[in-house]
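Small disclaimer: the values here were computed from a predicted structure and weren't measured. Side-chain atoms are counted along with the backbone in the values below, which use heavy atoms only and exclude waters and symmetry mates.
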Amino acid sequence: ESTLLGCSYRDSLKVYVIEEPDISLNADYNTIACKGDQLIFNATTNPTSNINWNNDINNNVTFIADSSADYFVQASIGNCISTDSIRLTVKESPIIEAGSNQEICIGESVILDAVVEPINSTISWNNQGVDGIYFYPNQTKTYTVTANYMNCISKDSVTVIVNIPPKPSFEVDINYDTDYINTYYFQNATSGGNNNDYLWDFGDSTQSYEFSPSHDYDSRHIKFANVTLYIYDAFGCMDSISKKYRINENLKDSVFVPSAFTPNGDQDNELFIPIFNMLPREYEFSIYSRWGQRIFNSIDPKLGCNGRYN
C-alpha cells in the first residue's frame, strides 16, 4: 500500500508454493545383478510429475544389465525437481560351452564335456548327464548344462542323436533237386532303415551284397554253414543275425524227430518237437495215442508238446 497527496493505492500478489515431488524406487540403492540379467527400475512419484532416468533406460521398462553404473532418476513438476539413484553392480556370468551336437549308433558311448570360465564354476547336467564320464544313451535327447559362479547362472545345450539300425531277419527256401548240391534261396525280411547296405556271409568263404541272394552248397565239401546277414544303415549303424544250417544230401535229412523228451521242469529237453534245418512253408505235427486218439496237434513249427493232455 502507498500514499500520494492523500490518495492511497493498493495491489496484491498471489504466490503458489509447489512441493517437491516424492520419489519411491523399487530397488535398493546398492543393487547387484549378473551380466545379462533382465532388470526393471521403477520410480513412483506424484501423478503430475515427469520421470527421467540417465543411461538410456526408461522407467518401468526392461533393460539388460551389461556393466556396473550409477543410475539417476529425476522427478519434476515445473521447476521443482527431486532426484534419487541406484548403484548397480554387475557381476560377470560364467561362460559355458556344452560342445557340438553328437550323432551315434545305439550301443555306442558318448561323453559330455563342458568348457567353462571361470574354471572354478560349478556345473551340472540335466537328464542324468555327468560331465566327463562316458555313458550309453538309448534315445535322442537334448542335454542342458548349467554353470553357477557366485550365484550367476549360464546355460548351454547339446543334442545327442541316437540312430537305431534296422532289425535284420531272413528266411530260406532250399532246393534239393541236384545230387549233393543244395541251392539256398535267402529271403531278406529286414525291417526299418533307409538306403541300407547288406552283406551276406555264407559261411564258406563266399559273400554277397544282394538284397535276397541265392547260394549253392556242395554237401560233399561242407556239412554245416553259419550264415550271417550284416546290415548297415545310412548313418553307418550296423546290426547282424546269424543262423546255422546243416548241409544235407537230401530233404529227409533236414528234419530230426527225437525219440524221447523229459518234461520234468528242469528247463532241459522239456518239449517234444521236431528240429528243422529250415522252417517249412507248410507244417502239421500230430501225436496219437496207442488207441489212435489224437492228443496233440500243431501247425506252428515252433510249438512243441509238453506232455500234458486235457
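- K167 places none of its side-chain heavy atoms less than 4.5 Å from the side chain of T190.
- Within 6.0 Å of OH in Y134 there are 12 or fewer heavy atoms belonging to other residues, nucleotides or ligands.
- Between K155 atom NZ and S124 atom OG the span is 8.5 Å, to the nearest 0.5 Å.
- Under the 3.5 Å distance criterion, with hydrogens and angles disregarded, no donor-acceptor pair is assigned to the side chains of T48 and N46.
- Across all their heavy atoms, V90 and A65 have their closest contact at CG2-CB, 4.1 Å.
- With contacts defined as side-chain heavy-atom distances shorter than 4.5 Å, the pair D70/S85 does not qualify.
- Atom CG in N60 sits 12.0 Å away from atom CZ in F41 (nearest 0.5 Å).
- P301 has its side chain out of reach of F285: every pair of non-hydrogen atoms, C-beta onward, lies at least 4.5 Å apart.
- How far CG of D239 is from CD1 of I106: 10.0 Å, rounded to the nearest 0.5 Å.
- Taken together through direct or relayed side-chain contacts under 4.5 Å among Ile, Leu, Val, Met, Phe, Trp and Tyr, I241 and V172 form part of one hydrophobic cluster.
- The distance from atom OG of S286 to atom CG of N297, rounded to the nearest 0.5 Å, is 4.0 Å.
- Of the possible donor and acceptor atoms, none in the side chain of W200 sits under 3.5 Å from a partner among the backbone N and O of V227.
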Practice item. Show the numbers, then the answer: is there a side-chain contact (heavy atoms from CB on, under 4.5 Å) between V145 and I96? Key: CA-CA 8 Å; V145 60; I96 183 75; 3.7 Å; yes
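- Residues T262 and D268 fail the side-chain proximity criterion, which asks for heavy atoms closer than 4.5 Å.
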Practice item. In sequence, state the C-alpha distance, the side-chain angles, and the governing distance for E97 and E117, and then conclude on side-chain contact (heavy atoms from CB on, under 4.5 Å). Key: CA-CA 9 Å; E97 293 183 3; E117 287 288 343; over 6 Å; no
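- You'll find the side chain of I231 stays beyond 4.5 Å of the side chain of M238, heavy atoms only.
- A donor-acceptor contact shorter than 3.5 Å links the side chain of N26 to the backbone of N42.
- In summary, the side chains of T89 and S68 do not present any donor paired with an acceptor at a separation below 3.5 Å, with no hydrogens or angles considered.
- With a 6.0 Å radius and a threshold of 12 heavy atoms from other residues, nucleotides or ligands, E270 has its CD atom above the threshold.
- Connection of V116 to Y149 is not established within any shared hydrophobic cluster, with ILVMFWY side chains joined at heavy-atom distances below 4.5 Å, either directly or through further cluster members.
- More than 12 heavy atoms of other residues, nucleotides or ligands sit less than 6.0 Å from atom OH of Y29.
- Checked against the 6.0 Å centroid threshold, Y198 and F186 do not count as a close aromatic pair.
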Review point. Checking side-chain contact (heavy atoms from CB on, under 4.5 Å) for the pair V110/F135: CA distance, chi angles, key distance, verdict?
Key: CA-CA 6 Å; V110 297; F135 69 107; 3.5 Å; yes
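- Without hydrogens or angle criteria, T142 side chain to V158 main chain gives no donor-acceptor distance under 3.5 Å.
- In terms of modelled atom types and a separation under 3.5 Å, the side chain of K141 and the main chain of N127 share no donor-acceptor contact.
- Of all non-hydrogen atoms in V162 and N138, the two that sit nearest each other are CG1-C, 4.1 Å.
- Nearest heavy-atom pair across N269 and A260 is ND2-O, 3.9 Å.
- Between the side chain of N188 and the backbone N or O of F211, at least one donor-acceptor pair lies under 3.5 Å.
- A donor-acceptor distance shorter than 3.5 angstrom exists from the side chain of N54 to the backbone of F72, with no hydrogens or angles considered.
- Of the possible polar contacts, none joining the K91 side chain to the N151 backbone as a donor-acceptor pair under 3.5 Å is found.
- Taking 4.5 Å as the limit, some side-chain heavy atom of N163 sits within range of a side-chain heavy atom of E103.
- The aromatic rings of Y217 and H215 sit perpendicular, their planes meeting at an angle over 60°, well past the 30° parallel limit.
- Residues I23 and S49 form no side-chain contact, since every pair of their non-hydrogen atoms from C-beta on lies 4.5 Å or further apart.
- A114 approaches W125 most closely through the heavy-atom pair CB-CZ2, 3.8 Å.
- A donor-acceptor pair under 3.5 Å is formed between the side chain of S82 and the backbone N or O of P21.
- N194 CG: 12 or fewer foreign heavy atoms inside a 6.0 Å radius.
- The aromatic rings of F63 and Y71 are tilted relative to each other, their planes meeting at an angle between 30° and 60°.
- Between the side chain of D173 and the backbone N or O of Y185, no donor-acceptor pair lies under 3.5 Å.
- Among all heavy-atom pairs drawn from P137 and Y143, the shortest one is CB-OH, 3.9 Å.
- A single hydrophobic cluster is not seen to contain both I51 and I77; linkage of ILVMFWY side chains at heavy-atom distances under 4.5 Å, directly or through other members, places them apart.
- Between the side chain of N306 and the backbone N or O of R308 there is at least one donor-acceptor pair closer than 3.5 Å.
- Environment of CG in N195: sparse, with no more than 12 heavy atoms of neighbouring residues, nucleotides or ligands closer than 6.0 Å.
- Counting side-chain heavy-atom gaps under 4.5 Å among Ile, Leu, Val, Met, Phe, Trp and Tyr, I161 is found in no cluster with other residues.
- Here the side chains of W53 and N59 are in contact, with some heavy-atom distance below 4.5 Å.
- With rounding to the nearest 0.5 angstrom, the NZ atom of K244 is 5.5 Å from the CG atom of N226.
- Under a hydrophobic-cluster definition in which Ile, Leu, Val, Met, Phe, Trp and Tyr are linked whenever side-chain heavy atoms come within less than 4.5 Å, directly or via other members, L271 and Y283 are assigned to different clusters.
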Practice item. Please report the C-alpha distance between L39 and L88 in whole Å, then the side-chain angles of each, then the deciding distance to 0.1 Å, and finally whether the side-chain contact (heavy atoms from CB on, under 4.5 Å) criterion is met. Key: CA-CA 10 Å; L39 301 177; L88 175 63; 3.9 Å; yes
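- The CD1 atom of I295 sits 7.5 Å away from the OH atom of Y309 when rounded to the nearest 0.5 Å.
- No hydrogens or angles considered: nothing links the side chains of D300 and S298 as a donor-acceptor pair under 3.5 Å.
- Counted by atom type alone, N182 and D216 present zero donor-acceptor pairs between their side chains at under 3.5 Å.
- Partners of C105 according to the disulfide bond (SG atoms under 2.5 Å apart) rule, which considers only residues two or more places apart in sequence or in another chain, are C237.
- Defined by atom type and a distance below 3.5 Å, a donor-acceptor pair is missing between the side-chain atoms of T45 and D22.
- Of all the heavy atoms in P94 and A147, the pair that sits closest is CG-O, 3.7 Å.
- By the criterion of side-chain heavy atoms lying less than 4.5 angstrom apart, applied directly or through intervening Ile, Leu, Val, Met, Phe, Trp or Tyr residues, Y230 is grouped together with Y209 in one hydrophobic cluster.
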